[in-house]
Amino acid sequence: MTEPQLPAGPPRHDWPARPEHLRMLASYRRRLDSSVDGVWRNVLDHAHLPWVHRSSFAAIELLEAGRDWWRACVTIAPASLAKTMVLELSVDRERLRYVTRTLEGVSAGAYILTQLSPVPASEARAHEQTDIEVEFWAPAETETVARLKGRGYLKLYARLWDEDQAMITDMLAADRLEPWRPAAGGRLRILDANTVEDGQRRLGLVERDGELFVHELVCPHMGGPLHRAELDGEGRLRCPWHDYRFSLDDGRCDRGAGLRLGCRRVRRVDGQTVEL
Ligand code: FES
């Protein structure tokens, strides 16, 4: 899998300070099934926002980025509201924290600080876990306004982290996956209308213009789930995480970058089997 691709840019040396006049609205805690590195990969990947969090964000346009930070114009969902904001995210790896600031637009002035704490191995389950504690700070004229805004953030973050946890789980599992190596002439068992099995491995099954194809279930970009992924107007498989498209003929990705999805045209042998 590849890391999020950010334009070359300078690292940040200036940690954004929290303005004195902000009020603390609320705080949110959660234990993530993720290493600290998994969290960094997730938060530095700005491009997943309108795809993985499509009920919250409609679009994102990267304005500037560098090592461990990005700044982007984000359109709030639904796009018909025409509400945007300029978000900036800065990571401080040394102190295991990152801050998201709203520089302009909806929620301008918000300062959201997230502190990470790796869970000790003796306490964690079989895999690595990380505790996060999020503090929401923003301008608020009164206590009532602060409380209302705080409730809104808690609801939003519970949803965003549910979605991010699912993404991180798949992304980390994809790191351990070997590429599929199809055996010429091999036969694969059909499990259901969208799934076949090659030995221990499950693959996607998709029909395009009367032809059948099998493909890997994990996107070679960052591990997005391709089971039952849609085909676009050109018959390419669309990954739901960043909307990269893959040709079923040769696995090539429309974004280049050497990404290749394992896929093959197959022939139906009978109701239970296809042949490579
Ligand atoms: S994981 Fe990024 S496009 Fe699939």
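Numbering of residues begins at 1 and proceeds along the displayed sequence. Just so it is clear, the model here is predicted, and its values are computed rather than measured. Both ligands and their constituent atoms are indexed starting at 1 by order of listing.
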How about atom 4 (Fe) of ligand 1, which protein N, O or S atoms come within less than 2.8 Å?
->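 The answer, once waters are left aside, is Cys219 SG, Cys239 SG.
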
With a 4.0 Å cut-off, would you call Arg31 and Glu123 a salt bridge?
-> yes

Run the salt-bridge test on Asp164 and Arg30 with the 4.0 Å N-O cut-off and return the result as yes or no.
->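 No, this pair does not count.
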
Run the ring-centre check on Tyr157 versus Phe136 and record whether the distance is less than 6.0 Å.
-> yes

Relative to the ring of Tyr244, is the ring of Phe246 parallel (under 30°), tilted (30 to 60°) or perpendicular (over 60°)?
-> tilted

Is there a donor-acceptor contact under 3.5 Å linking the side chains of Asn194 and His227?
-> no

Do you see a donor-acceptor pair shorter than 3.5 Å between the side chains of Glu135 and Trp137?
->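 Trp137 and Glu135 do have a side-chain donor-acceptor pair below 3.5 Å.
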
